[in-house]
Amino acid sequence: MAIKDKVIIIMGASSGIGEATAKLLAKRDAKLILAARRLDRLEAIKEEFPEANILIQQADVTNHEDVSQVAKLALDTYGKIDVLYNNAGIMPTAPLVEGRRDEWKEMLDINIMGVLNGIAAVLPIMEKQKSGHIISTDSVAGHVVYPDSAVYCGTKFAVRAIMEGLRQEQRENNIKSTIISPGAVQTELYKTINDKKFADELHEAQKEWGLTAEDIATAVVFAIDTPDRMAISDMIVRPTAQGI
């Protein structure tokens with residue numbers, strides 16, 4: 001199926017990789033449903049592509065009802081859902097000894113439950129269709145553990161496990177499961193780190209040798225644009241200069 005014929009939901013579409021993916025898919029004439037907490041950012045994307053098939057809806061991925069309403073909007077408008085892209089995520093980092101339980105819970109709610117809420121909202125629809133594709137932004141941190149990021153890494157390892165379970169459970173229903181695992185990327189993710197010194201250092205490194213959000217968007221679109229018989233299960237995309 002050509003991309004222009006696909007109905008694609010992007011959760012976390014207001015900035016970074018989600019925004020870049022939305023713009024790339026808009027140029028390919030996909031039928032897009034863009035969702036995020038920041039409605040003004042979604043409106044700006046829609047205004048940038050006035051001829052594109054874009055619907056927008058404010059939604060918090062930690063709220064299952066919000067996510068379900070996004071799926072309902074797609075289904076009511078187009079009668080099907082071809083792709084769900086779970087992209088929302090945060091990355092507050094700190095040593096475990098600091099016991100930042102509020103940050104831990106927020107990461108669990110957004111990075112893990114956000115993905116599960118998306119799956120719960122669309123999977124029954126895709127199973128009934130006997131087709132579909134669920135994509136989640138993971139991370140190199142879902143493959144490698146490093147200091148001061150144990151909980152963040154844990155959330156990304158969890159997403160990797162969940163998505164592999166999804167693949168195994170739904171392969172006979174022609175439902176694809178993909179994780180895109182970026183290394184350092186120039187996005188706003190650093191702003192979710194409360195240690196300002198570390199956040200600024202990370203941001204400077206990302207600007208110096210990191211990938212762009214558009215680089216990762218091309219990987220997402222590549223995975224979407226594969227034939228039904230072909231599934232990209234796991235794609236790690238690092239900057240050439242990255243060590244881990």
Side-chain angles (χ1 to χ4, degrees), residues 10-19 21 35-38 41 58-68 70 84-121 134-166 177-203 205-206 210-211 213 216 220 234-238 242 244:
I10 302 178
M11 305 300 302
S14 61
S15 65
I17 295 167
E19 178 185 9
T21 303
R37 288 180 294 187
R38 295 176 292 185
R41 295 281 194 97
Q58 190 171 37
D60 183 337
V61 296
T62 67
N63 185 316
H64 178 253
E65 182 58 31
D66 278 8
V67 182
S68 295
V70 175
L84 165 69
Y85 181 23
N86 290 308
N87 177 65
I90 60 170
M91 190 182 68
T93 57
L96 286 168
V97 70
E98 294 186 5
R100 300 189 183 189
R101 296 181 69 255
D102 289 345
E103 290 184 2
W104 298 347
K105 186 177 185 305
E106 189 177 18
M107 270 192 282
L108 294 171
D109 286 345
I110 295 174
N111 295 1
I112 300 176
M113 285 308 302
V115 168
L116 288 169
N117 285 337
I119 291 171
I134 297 176
I135 305 171
S136 295
T137 300
D138 201 67
S139 172
V140 168
H143 302 259
V144 180
V145 179
Y146 46 89
D148 300 338
S149 296
V151 179
Y152 176 68
C153 292
T155 65
K156 293 303 184 177
F157 268 77
V159 169
R160 186 175 158 204
I162 290 163
M163 293 296 287
E164 171 60 13
L166 173 66
S177 163
T178 299
I179 59 169
I180 306 291
S181 297
V185 183
Q186 300 168 35
T187 70
E188 296 180 6
L189 195 59
Y190 76 96
K191 293 181 179 179
T192 66
I193 300 173
N194 291 319
D195 182 333
K196 190 173 186 308
K197 181 175 182 294
F198 179 78
D200 289 343
E201 289 173 355
L202 177 63
H203 184 46
Q206 289 171 342
L211 299 172
I216 304 303
V220 177
D234 187 349
M235 188 186 299
I236 300 176
V237 188
R238 289 182 175 96
Q242 182 164 330
I244 59 168

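Taking the side chain as every heavy atom from C-beta outward, Tyr85 and Ile17 approach each other to under 4.5 Å. Looking at Met235 and Thr178, their side chains never come closer than 4.5 Å, going by heavy atoms from C-beta outward. With a 4.5 Å cut-off on side-chain heavy atoms, Pro182 and Leu211 do not count as touching. Looking at heavy atoms from C-beta onward, Pro92 lies out of side-chain contact with Arg100 at the 4.5 angstrom threshold. Contact check for Ile119 versus Met163: side-chain heavy atoms found under the 4.5 Å cut-off. Between Asn87 and Thr21, every side-chain heavy-atom pair lies at or beyond the 4.5 Å cut-off.
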- Go through the steps to decide whether Met113 and Thr62 satisfy the test side chain to side chain contact (heavy atoms under 4.5 Å, CB included), and finish with yes or no. CA-CA 6 Å; Met113 285 308 302; Thr62 67; 5.9 Å; no
- Start with the C-alpha distance between Ile216 and Ile180, add both sets of side-chain angles, then the distance that settles side chain to side chain contact (heavy atoms under 4.5 Å, CB included), and finish with yes or no. CA-CA 8 Å; Ile216 304 303; Ile180 306 291; 3.8 Å; yes
- Message: Pair Arg38, Ser14 - check side-chain hydrogen bond (donor to acceptor under 3.5 Å, both in side chains), show working.
- Response: CA-CA 6 Å; Arg38 295 176 292 185; Ser14 61; 3.3 Å; yes
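Among Asn111, Asp109, Asp138, the one residue that satisfies the side-chain hydrogen bond (donor to acceptor under 3.5 Å, both in side chains) test with Thr155 is Asn111.
Ser149 places no side-chain N or O within donor-acceptor distance of the main-chain N or O of Thr93, the cut-off being under 3.5 Å. A donor-acceptor pair under 3.5 Å links the side-chain atoms of Arg160 to the main chain of Gly142, judged by distance alone. In this structure a side-chain-to-backbone donor-acceptor pair under 3.5 Å is missing from Glu19 to Ala13. Using a distance-only test at 3.5 Å, with no hydrogens or angles considered, a donor-acceptor pair links the side chain of Asn117 to the main chain of Val61.
Heavy-atom minimum distance, Lys156 versus Ser139: CG-CB, 3.9 Å. Considering every non-hydrogen atom in both Ile244 and Gln242, the closest pair reads O-NE2, 3.0 Å.
Taken to the nearest 0.5 Å, the SG atom of Cys153 stands 9.5 Å off from the CE atom of Met107. To the nearest 0.5 angstrom, Asp60 atom CG is 8.5 Å from Met11 atom CE.
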